[in-house]
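Working notes for the structure below.
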Amino acid sequence: MNRRSLVLGTTLVTSVATVAVAQKATPAAGAAKGATAPIFQVDPLWPKPMPNHWILGSAVGVAVDSHDHVFVINLTDSFNARTESG
């Protein structure tokens, strides 16, 4: 075993031991406060009907700015843009 391998192995063992001791000494933030995971509910009315007979394709990105404007990026090839006659 060369010196470099010995130094790397010792550093790895010391790092793992330090992390293990730190985890035992510090309680988890959620466990200390009795917090639970958030619960989400599906909104069956989303998305709301779009104006002017617009359609929403496969949404690949959604963003909200500081003024609560919602921006949706969708794939144009995910739907057929046919008009109905009649």
Side-chain angles (χ1 to χ4, degrees):
M1 183 183 285
N2 61 14
R3 182 171 172 82
R4 181 176 180 204
S5 296
L6 183 62
V7 170
L8 288 176
T10 304
T11 303
L12 177 64
V13 170
T14 304
S15 300
V16 169
T18 303
V19 169
V21 169
Q23 283 182 345
K24 291 240 183 218
T26 308
K33 298 177 184 175
T36 60
I39 298 173
F40 299 98
Q41 294 180 347
V42 175
D43 183 1
L45 301 176
W46 191 91
K48 304 231 185 296
M50 304 284 280
N52 300 324
H53 302 290
W54 294 348
I55 56 175
L56 182 65
S58 295
V60 295
V62 178
V64 180
D65 68 5
S66 61
H67 301 288
D68 287 340
H69 296 131
V70 178
F71 298 90
V72 179
I73 311 274
N74 61 17
L75 298 174
T76 58
D77 294 339
S78 64
F79 55 88
N80 259 342
R82 291 187 289 173
T83 59
E84 296 179 357
S85 60

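Classification of the His67-His69 ring pair by plane angle, with boundaries at 30° and 60°, yields tilted.
Residue Val64 comes nearest to Asp68 through the heavy atom pair CG1-CA, 3.8 Å, listed as atom of the first residue, atom of the second, then distance. Closest of all the heavy-atom pairs between Val72 and Ala59 is CG1-CB, 3.9 Å.
Residues Ile73 and Phe71 do not share a hydrophobic cluster, clusters being chains of Ile/Leu/Val/Met/Phe/Trp/Tyr side chains in contact below 4.5 Å.
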